[in-house]
Amino acid sequence: MTETQIGPPEPTAPKPRRRGRIAALAGSVLLAGALLAGVGYTVVTVDGADRDAGAPVWKFPKVTADKDKTTTRKGLEGMLVPYGTGALVRGPDIGQFGSEAQLSGARATALRKESVSGLPRSLRKRLEQQIDRQHIKGMAMRSYFSQESDGSRAEGIYSVSVTLTQMEDRAAVRSISTFQNTFLDALGGLREGPKIKGHKNAKCFRSPQGADEDLVMMLCSGYVGDILVTTTADGPKSLDADGVAKLLRTQLDRIAEPGEAV
């Protein structure tokens, strides 16, 4: 990602100010994503890189039936909510991994460290030590679109990624989940999202109230046993927060003690 320098907004230029707000929110969410799930957050492609040209136009790839089916998986990846659940279809690539992936503990640990490599050295070292103490056993990721699209502009469609991170120490999972929610709450400006029925430890956070941006984000996390579950949703201002919360609840419900798919 190319680093963009954004200076103070000009009094008579509302659009640079708009870019500044987008960058500030995106920066906070990307940092949160690094702390939450390493590579487990997605970036939705918007048609047209120049935001000043007007409102972003959302364009999604056409999804065909044969690409919309989830191959039977084993292990941690087998616990992920399958494509075809409700209206969910295959989503955008998660980094270099495509729309779904399962990683070993060593690979997941290395990627989480890469995700904080751009932070100040002292903070980065502390986070790397924390990551090492987590003893990650494995990670599975999957991205979704909320419904099928024919590739043209589609109002209301959003993308959401789900990341499952399995650790050796259940106490560490509880501690990390609590830290994540405290961190997001402390960012300031983010709104608390819908409650996750049946999972008191899970929380969601949404874009700031009154934001006039066309693109919004929603971050959620929770856990079951030794598995940390995080979701990141990106979409238009009409993003269905209840739909994202429902996906998180469905995912948590699929995981039974001690970490087996229901």
Side-chain angles (χ1 to χ4, degrees), residues 1-9 19-45 92-97 101 103-141 143 159-169 171-191 193 203-208 211 213 215-223 228-234:
M1 181 181 293
T2 303
E3 183 176 357
T4 303
Q5 297 293 331
I6 300 177
R19 286 201 303 270
R21 288 194 298 273
I22 292 173
L25 175 59
S28 296
V29 172
L30 289 178
L31 174 58
L35 296 174
L36 293 178
V39 295
Y41 54 86
T42 63
V43 177
V44 177
T45 301
D93 288 352
I94 305 173
Q96 73 267 39
F97 298 103
L103 310 177
S104 67
R107 180 63 171 147
T109 298
L111 284 170
R112 292 203 67 178
K113 288 184 178 180
E114 286 180 22
S115 73
V116 300
S117 62
L119 298 177
R121 187 175 183 277
S122 59
L123 176 58
R124 173 172 53 82
K125 288 296 183 182
R126 289 200 301 271
L127 290 174
E128 287 177 347
Q129 291 172 358
Q130 182 186 60
I131 291 169
D132 284 332
R133 288 194 295 267
Q134 291 171 3
H135 301 294
I136 298 173
K137 296 170 64 177
M139 178 184 287
M141 303 175 287
S143 71
S159 74
V160 57
S161 67
V162 176
T163 301
L164 309 184
T165 306
Q166 189 170 29
M167 303 179 188
E168 292 182 359
D169 187 355
V173 173
R174 292 193 298 271
S175 177
I176 292 167
S177 181
T178 300
F179 167 77
Q180 290 174 174
N181 290 329
T182 301
F183 173 81
L184 290 172
D185 193 35
L187 278 178
L190 295 180
R191 293 177 290 161
K203 292 193 72 173
C204 292
F205 293 86
R206 304 172 60 188
S207 297
E213 314 304 345
L215 310 181
V216 297
M217 300 179 186
M218 180 168 164
L219 298 172
C220 304
S221 69
Y223 64 89
L228 180 68
V229 181
T230 59
T231 65
T232 307
D234 305 86

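Along the sequence shown, the residues carry numbers beginning at 1.
Thr182 places a side-chain N or O within donor-acceptor distance of the main-chain N or O of Thr178, the cut-off being under 3.5 Å. Counting only distance, with no hydrogens or angles, the side chain of Ser117 and the backbone of Glu114 share a donor-acceptor pair below 3.5 Å. Listed for the Ser143 side chain is a donor-acceptor partner under 3.5 Å among the backbone atoms of Pro92.
For the atom pair CZ (Arg126) and CZ (Arg121), the distance works out to 11.5 Å, reported to the nearest 0.5 Å. Atom OG1 of Thr109 and atom CG of Asp132 lie 7.0 Å apart (nearest 0.5 Å). Interatomic distance, Thr231 OG1 to Leu219 CG, rounded to the nearest 0.5 Å: 7.5 Å. To the nearest 0.5 Å, atom OG1 of residue Thr230 and atom CD1 of residue Ile176 are 11.0 Å apart. Atom-to-atom distance recorded for Thr165:OG1 and Tyr223:OH is 15.0 Å, nearest 0.5 angstrom. Here the CZ-OG distance, from Arg191 to Ser207, works out to 7.0 Å after rounding to the nearest 0.5 Å.
Looking at every heavy atom in both residues, Val116 comes nearest to Glu128 through CG2-CG, 4.4 Å. Scanning both residues, Asn181 and Phe205, for their nearest heavy atoms gives O-CZ, 3.5 Å. In this structure, Gly222 and Ser177 approach most closely via the heavy-atom pair CA-OG, 4.1 Å. Nearest heavy-atom pair, Met141 versus Leu103, reported as atom, atom and distance to 0.1 Å: CE-CD1, 4.0 Å.
Met218 has its side chain within reach of Cys204: a pair of non-hydrogen atoms, C-beta onward, lies under 4.5 Å apart. Side-chain contact between Leu111 and Met139 is absent, with no heavy atoms from C-beta onward closer than 4.5 Å. Residues Val216 and Arg206 have side chains not in contact (no heavy-atom distance under 4.5 Å, counting atoms from C-beta outward).
With sequence neighbours left out, Glu168 forms a salt bridge (Lys or Arg N to Asp or Glu O under 4.0 Å) with no residue at all.
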